[in-house]
Amino acid sequence: MKQHPILSIKDVSYRYDLRHEDYALSQISLDVKRGEWLTVLGENGSGKSTLARLIVGLAEPEFGTITFNDQTVTQANKSTFWEKVGIVFQNPDNQFIGTTVQDDVAFSLENLNLSYHEMKQRVTNALHQVGMYKLREKDPSQLSGGQKQRVAIAGVLALEPELMIFDEAFIMLDPQSRTRLLKELKLIQKNLGLTIISITHDHNETVFADRLLLLASGQIIDQGDPRTVFTRNRYVQPPFAEQFRRELVQRGISVPDNYMSNDELVEWLCK
Amino acid sequence: MQIKFDQVSADYQLGPIRAKNIIDDVSLQIAPATFTAVIGQTGAGKTSLLKLINGILRPTSGSIQVGEFTLDHSANKATLNQVRSRVGMVFQFPENQLFAETVEADIAFGPKNFNFSAEEVDQSVYRSLERVGLDQSLLKRSPFSLSGGQQRRVALAGVLATKPDILVLDEPGAGLDARGKQEIFALIKKLNQQDRVTVLVVTHDMNDVAIYADHVLLLDQGKVITYQETRAFFSDQDQLTEWNLELPDTLHLQRQIEQRTGINFKQTSLTRTELIDQLIEEKLL
Amino acid sequence: MNKLILGRYFPGNSFLHRIDPRAKLLAALYFIGLLFFVDYFVGFIWMICFTLLVTKISGVSLSIYLKGIKPLIWLILMSVFFRVIFTVGGTIYFSKGPFAISSYGLLLGFFSFNRFILIIIISTALTLTTKPIDLTDAIDALLKPLRLLGISTAEFSLMLSISLRFIPNLLDETQKVLDAQRARGVVFGEGNLLEQMKKIVPLIIPLFSSSLKRAEEMADVLEVRGYQPSKKRSSFRQLSWRFHDTASLLIMGVLTIGVIILNQFPIIEQWLL
């Protein structure tokens with residue numbers, strides 16, 4: 001039996017200004033499988049953040065439909081949808097609503113009108129998952145950007161969501177904490193069987209993706225596993241190992257003519 | 001212009017919050033026309049160090065020599081302002097300081113404050129706009145109507161317009177995509193090499209350090225841990241481990257290859273080209 | 001700005017720190033109200049003694065409280081002065097037109113001086129020992145009866161707590177823009193009034209634009225995190241009322257009885273007037 005996609009986007013178009021013809025997104029169709037990590041890669045102005053806004057119902061498509069678990073998302077039912085879907089935005093400060101770490105994690109739960117006991121348990125769990133339990137009583141001014149993003153992630157995990165969306169959530173972090181956080185997130189995703197959509201302009205993030213989708217000028221250019229996509233699209237900046245392989249090609253050195261991961265590159269160079 | 005720190009200490013003050021000795025007894029000499037990457041953890045004092053050079057922050061003790069000016073605890077406003085006219089500072093997310101009605105007026109703000117003549121102002125506006133790679137058609141536009149990347153460039157142009165001899169930048173690439181970041185760093189490098197501007201850049205990205213900087217300044221809790229040439233810095237594996245610093249991608253690859261093959265390369269590679277050259281030399285390619 | 005003690009929180013674990021914020025807020029408001037029912041000198045001595053006791057158990061030294069009064073002292077003295085010269089009664093020492101200095105005026109002036117000082121000290125004691133967020137919770141709890149009238153107090157409390165949460169960010173942002181414009185050659189605090197006003201523009205506009213942006217982003221966050229203004233929410237922050245909280249309110253009763261009794265004895269007044 002074919003598994004139903006958790007999220008299905010069908011022929012979706014959107015423009016910010018109905019008086020103008022320029023569409024931020026035009027005729028986007030996309031299925032997201034349960035449990036996969038989909039990275040949407042695009043430059044500024046490619047429409048990638050619009051896509052995130054549409055998925056979470058902050059904007060409504062002009063044409064087309066978005067279905068989550070076979071149910072069409074509308075402005076009327078989007079609030080039930082938010083119990084199963086969480087999004088983390090770019091700016092760590094502007095999404096920190098509580099005055100302390102644990103208050104902030106509990107914010108969504110308070111909105112669901114959960115009992116104190118239930119909240120306490122979920123907040124504790126979520127904070128342990130992102131390694132912030134010890135800092136639960138700190139206020140945001142005492143935290144680094146990376147720690148604040150962890151709190152935002154805990155806020156989503158506390159909802160026990162099925163789908164998590166990251167809208168450029170890692171680009172404000174320094175490379176070291178970014179990589180560390182992404183690695184931990186990959187583990188959490190595997191443990192919980194979460195579905196993740198990460199929207200980014202950071203090519204290094206693609207190494208965590210099961211599937212990669214290229215977006216440019218509001219349209220899907222290509223999609224597939226990162227290896228195939230980077231092999232097919234030579235103008236898109238890939239992760240470091242592939243950049244290195246391409247430079248070898250430029251220097252006239254005979255290298256296998258397809259995408260290489262870091263391990264494969266080391267393997268090949270040491271053969 | 002040369003920069004010389006002589007036993008400098010400084011406090012951090014934000015509203016009612018005060019942190020003692022965010023810079024703690026720093027002595028340091030930075031040669032003219034060098035490109036220094038300032039690294040260290042959050043709270044190490046990186047931004048404060050830049051502010052001291054710019055005269056935004058006054059030392060509590062010790063003195064800083066910036067060209068012919070001396071900055072110490074009793075430095076007066078006039079001296080501080082003169083230093084600021086020679087030292088350009090680009091803050092983190094500098095697009096947040098844009099305010100004027102047009103791009104032109106915003107870029108001209110600095111030069112006017114520093115009493116450039118009308119002619120000099122016009123000239124420097126055009127020159128710096130060109131420097132940052134923006135089209136003149138943007139001059140009459142509102143800075144708030146531009147894209148994030150363009151705003152960053154306008155802000156940078158606003159600092160360059162005062163023709164600084166020293167440029168200090170706080171994470172100029174933060175939040176930009178890979179291409180935007182490369183362009184900004186290439187621009188800074190060009191200023192450094194062609195116009196012999198002394199550059200200090202705070203960054204967290206070791207790839208930027210390896211590719212663009214000729215010196216590295218590592219700070220921790222307000223103290224200088226090391227100030228050395230980039231290649232020497234990255235060659236000192238013990239030091240990198242001690243301070244929990246990541247390797248640049250290229251060097252990381254080199255170390256992986258060295259470990260696998262047991263060959264120790266002659267040099268620490270800072271760029272992809274250097275690594276490929278060494279791979280060829282070691283007959284691995 | 002750095003000198004203002006009123007409104008700041010001093011972390012600590014004194015008896016006063018541990019009292020439930022609702023009890024503290026109620027008691028402070030009650031105390032302030034009670035001050036206006038004190039008629040005579042001995043009553044003020046009674047209230048001063050209580051205030052000194054409060055500062056003692058707050059674990060913060062009296063000198064901090066006095067520092068807190070300092071920035072407001074001219075304002076206080078000015079209003080006391082007007083009180084004195086506009087009140088006539090008892091022995092008149094000096095008079096000119098509607099103004100006079102009389103023994104009665106001096107006495108009332110002294111009383112209002114006392115009220116001012118005591119109000120400041122008690123409010124300071126409240127904020128020094130209560131986290132802003134706890135105070136917000138207390139305000140929320142005390143406003144709850146208004147919900148019966150259909151006034152939604154929950155939004156007000158959320159607004160208050162979000163504002164508190166962003167004070168450090170705003171400070172930080174202001175400092176950054178200030179520094180950035182200084183680096184571009186603005187010398188703040190120089191020149192005539194008009195010039196100084198002009199220098200505010202490069203400060204206000206960036207702050208305004210970033211606040212707007214922040215507000216927009218936060219609205220999105222509130223929405224996707226499932227916040228709906230009229231919907232019932234539970235609360236993760238729990239306040240627990242204990243015996244010493246009730247006790248501290250009972251103390252207010254004792255204080256009131258003291259004031260009622262002492263209001264019968266204008267001892268010093270009889271001697272003075």
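Keep in mind it's a predicted model, so treat the numbers as computed, not measured. Each chain gets a letter, A, B and so on, in the order its sequence line appears, and its residues count up from 1.
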Look up atom [atom1] in [X] and atom [atom2] in [Y], then write down how far apart they are to the nearest 0.5 Å.
X	Y	atom1	atom2	result
Ile205(C)	Glu101(B)	CD1	CD	7.5 Å
Ile56(B)	Gln175(C)	CD1	CD	9.5 Å
Lys77(B)	Arg182(C)	NZ	CZ	8.0 Å
Glu190(C)	Asn81(B)	CD	CG	8.0 Å

**Complete:** Honestly, the part of Ser210(C) sitting under 4.5 Å from a heavy atom of chain B is neither
**Message:** Is Val177(C) close to chain B through its backbone or its side chain, or both, or neither, when contacts mean heavy atoms under 4.5 Å?
**Reply:** side chain
Interface moiety of [X] toward chain C, non-hydrogen atoms closer than 4.5 Å:
X	result
Lys51(B)	side chain
Phe144(B)	side chain
Asn96(B)	backbone
Asp106(B)	both

Is it the case that more than 12 heavy atoms not belonging to [X] sit under 6.0 Å from its [atom1] atom?
X	atom1	answer
Gln238(C)	CD	yes
Glu216(C)	CD	no
Phe69(B)	CZ	yes
Lys199(C)	NZ	yes
Gln41(B)	CD	no
His244(C)	NE2	yes
Glu155(C)	CD	yes
Gln221(B)	CD	no

**Asked** Looking at side-chain heavy atoms only, is the closest gap between Phe99(B) and Gln181(C) below 4.5 Å?
**Response** yes
**Item:** Nearest heavy-atom neighbours spanning Ala183(C) and Phe91(B)
**Value:** CB-CE1, 4.0 Å
